[in-house]
Amino acid sequence: MKVTHLAAISVLLFTSTPSLVTASGNNFTRRCGRLIQTFKNANTTVLLSTYVTKGTNVTYPDSDPTCQSSVIAMADVCRLRLNVTTSSSSNVIMEVWMPTNWADTNKRFAMTSDGGVSGCIDLDDLTFTTTLGFSTVGHNNGHDGTDSLAFLNKPEVIKDFSYRAVQVATKVGKTATNFFYQDTLNKSYYWGCSGAGRSGMKAAQSFPEEFDGIIAGDPASEFHRVVAGGLSYWYHMGNTTAPTWLNFDQWTAINAEVLAQCDTLDGVKDNVLEDPFQCKPRFDAMLCSDGETWAKDKCLTAVQVAAVEKIYSPVYGDKGRFIFPAVQPGNDQVFGFYLVYGSPDEIATHYLKYGFYNDANWQLPSTLDGFLPVMDDLLDRDPYGVSANNPDLSKLRSLGHKLLVYHGGSDGFYTPQNTIDQYENVSKNMTLRSSQLDEFFRFFMIPGMNHCTGGNGAWYMGGPGQVGMGVTGVNANDSLIMQMVKWVEEGKAPETIRGYAIGASGGAEGAVRDHCKWPAKNHYKGGNANDASSWECKLNSLYN
Ligand SMILES: *[C@@H]1O[C@H](CO)[C@@H](O)[C@H](O)[C@H]1NC(C)=O
Ligand SMILES: *[C@@H]1O[C@H](CO)[C@@H](O)[C@H](O)[C@H]1NC(C)=O
Ligand SMILES: *[C@@H]1O[C@H](CO)[C@@H](O)[C@H](O)[C@H]1NC(C)=O
Ligand SMILES: *[C@@H]1O[C@H](CO)[C@@H](O)[C@H](O)[C@H]1NC(C)=O
Ligand SMILES: *[C@@H]1O[C@H](CO)[C@@H](O)[C@H](O)[C@H]1NC(C)=O
Ligand SMILES: *[C@@H]1O[C@H](CO)[C@@H](O)[C@H](O)[C@H]1NC(C)=O
Ligand SMILES: *[C@@H]1O[C@H](CO)[C@@H](O)[C@H](O)[C@H]1NC(C)=O
Ligand SMILES: *[C@@H]1O[C@H](CO)[C@@H](O)[C@H](O)[C@H]1NC(C)=O
Ligand SMILES: *[C@@H]1O[C@H](CO)[C@@H](O)[C@H](O)[C@H]1NC(C)=O
């Protein structure tokens, strides 16, 4: 009995008939374990290959302390861990998780990535994507840990972060997938948010041949501009003893004032601005009169109000050079991220020190005037192409591949205005109107969504960076990547993106909204504002 079984396996191993590798047939477990010996690829070392069953706690005891160190596997998969050399002084660590039902779910491949300057495998996106049958890759972007320290004296590591880790890990992941299943994958997808959205834009611009469909959420495409713009806020607000500085409660009061002035512009009082750009808040409304104080009257000094106005204005550099769009009104995130600490943002400062200037002794200038040349440098030089702002998507278009971009309307890390600008840049560069861009590039604003996740609006879409948050009650089959699958494989392009407000218990409750394709905006028609059917997408942007 045993001999027959082994003979059957060896026959199966050396045949190329498609779809042989299933959980029960052609022993998946055994083949997976053997990959450490059998999988050979240029520049690639197999570190581990092991079968993992759904529900297993997969741990990473040696991972950098800033990275997530465990995840519960959500599907039965073959887990393959690889070390791929990208140059004589750089390498990417990647994992390919190959689920048992791959052949039954149209042989799809997916690439994930992580945000910021992160060198961590996005374990949540990785495991979630395998539940939908995709053979999925996660990777460390070419360095370990969420900081830029690894960039010092390592230009090739910056190049990996810029684009090469994604490109190389995609190619190797596809080769491993085809090898393991003894088959040819059919369609390839990318999905990521924030820094991983930047990587998605980079792929769309520079190597669109790798992906039939790319989803880029809240893309930090203008990475150099946001480093310059984000750090400029620090000079306006100062440290915690500066007269300009505001504490968390004061920023919360500012946000409440913005909502008081603008929340009902869209016809519904729900703590969400459907179109934040229509809100022109007047911060003078918070000024203290003679003798009034914050402690007693919850008002602000003129110096504080002037500083707040600067935060809500576009950032200009030396000689009025445009640096970064204004923070949009109606977000309660910007102060949490950049402003209340009374110290400059560390992600940005470390990128300048260890990456951009490659000088561990570099110090952030102490004055805004001193910082102006740094802004110029950031805009003038980008040797590794970290910013993903090439407006020419003609290669993607000619391949028939698709790009879906979305951005949270209350994103306080990275204003959606920048993504609108990017969309309009593409439109102008390619001389295509929105209706023509729709063929291959669609952009959706998600009002009330913070940076990739959370917010007061209907933000849950089953998107990258959202799927590990324990949200219940929304079918995984409705997640964003499956909408891209419908576009790519069935030609059904998304007209709207459905989002769900998430309650404290993690369940979908309250508003359900079909978010509009840019440049349309949602208009309230009347009825229960929580129902998607009470709203309609219209091209005219002004509310009455
Ligand atoms: C597959 O191989 C593993 C490990 O050798 C063994 O434990 C398992 O019983 C086999 N499964 C089948 C379905 O043959
Ligand atoms: C998985 O294991 C790690 C390390 O032992 C532990 O810290 C973590 O809590 C575990 N996860 C779950 C969900 O049990
Ligand atoms: C990966 O390979 C590089 C050589 O490219 C080597 O320096 C590094 O130690 C390897 N890492 C692991 C985890 O094996
Ligand atoms: C292997 O890596 C080197 C750089 O280290 C590169 O020049 C070469 O093209 C790579 N080979 C393959 C097959 O990717
Ligand atoms: C804080 O700012 C004040 C003035 O704005 C300055 O005098 C003081 O030196 C600063 N303190 C630190 C620790 O930077
Ligand atoms: C839009 O195009 C302008 C002009 O080429 C460029 O300076 C800017 O960086 C682009 N913005 C975005 C968001 O891509
Ligand atoms: C479009 O962008 C590309 C890449 O930046 C540039 O080379 C080209 O000149 C631009 N075309 C137009 C019409 O602006
Ligand atoms: C998702 O779709 C697949 C294929 O149609 C189906 O087998 C599965 O049951 C669905 N999952 C859920 C949670 O509905
Ligand atoms: C690949 O996917 C397309 C679209 O779903 C489908 O029509 C085609 O049959 C698939 N091809 C293979 C070889 O599985």
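Ligands are counted one by one from 1 in listed order, and the atoms in each one are counted from 1 as well. What you see is a predicted model; the values in this text were computed from it and never measured.
In terms of polar-atom proximity, defined here as any N/O pair under 3.5 Å, Gln422 makes no such contact with ligand 6.
Tyr60 and Glu95 form a side-chain donor-acceptor contact under 3.5 Å, judged by distance and modelled atom types alone. If you check the side chains of Asp147 and Tyr354, you find no donor sitting under 3.5 Å from an acceptor. Using modelled atom types and a 3.5 Å distance limit, the side chains of Thr170 and Glu210 yield no donor-acceptor pair. Thr85 and Asn91 share no side-chain donor-acceptor pair at under 3.5 Å.
Atoms of ligand 6 lying under 4.0 Å from any heavy atom of Arg225, numbered from 1 in the order shown and given with element: 7 (O), 8 (C), 9 (O).
The minimum heavy-atom distance between Phe444 and Thr496, with the atom names listed, is CE2-CA, 3.8 Å.
Residues Phe28 and Tyr51 bring their aromatic ring centres within 6.0 Å.
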Q: Output, in order, the C-alpha distance, side-chain angles, deciding distance and verdict of salt bridge (Lys or Arg N to Asp or Glu O under 4.0 Å) for Lys107 and Asp183.
A: CA-CA 9 Å; Lys107 302 170 189 167; Asp183 204 340; 3.4 Å; yes

Please tabulate, one line per pair, the protein nitrogen or oxygen atoms found under 3.5 angstrom from a nitrogen or oxygen of ligand 3, with distances to 0.1 Å, or say none if there are no such pairs.
| residue | atom | partner | partner atom | Å |
| --- | --- | --- | --- | --- |
| ligand 3 | 2 (O) | Asn83 | OD1 | 3.4 |
| ligand 3 | 2 (O) | Asn83 | ND2 | 2.4 |
| ligand 3 | 5 (O) | Thr85 | OG1 | 3.2 |
| ligand 3 | 11 (N) | Asn83 | ND2 | 2.8 |
| ligand 3 | 14 (O) | Asn83 | ND2 | 3.1 |

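Contacts with ligand 6 closer than 4.0 Å are made by side-chain heavy atoms of Asn425 only, the backbone lying farther away. In Asn475, the part holding a heavy atom less than 4.0 Å from any atom of ligand 8 is the side chain.
A donor-acceptor pair under 3.5 Å links the side-chain atoms of Arg164 to the main chain of Glu156, judged by distance alone.
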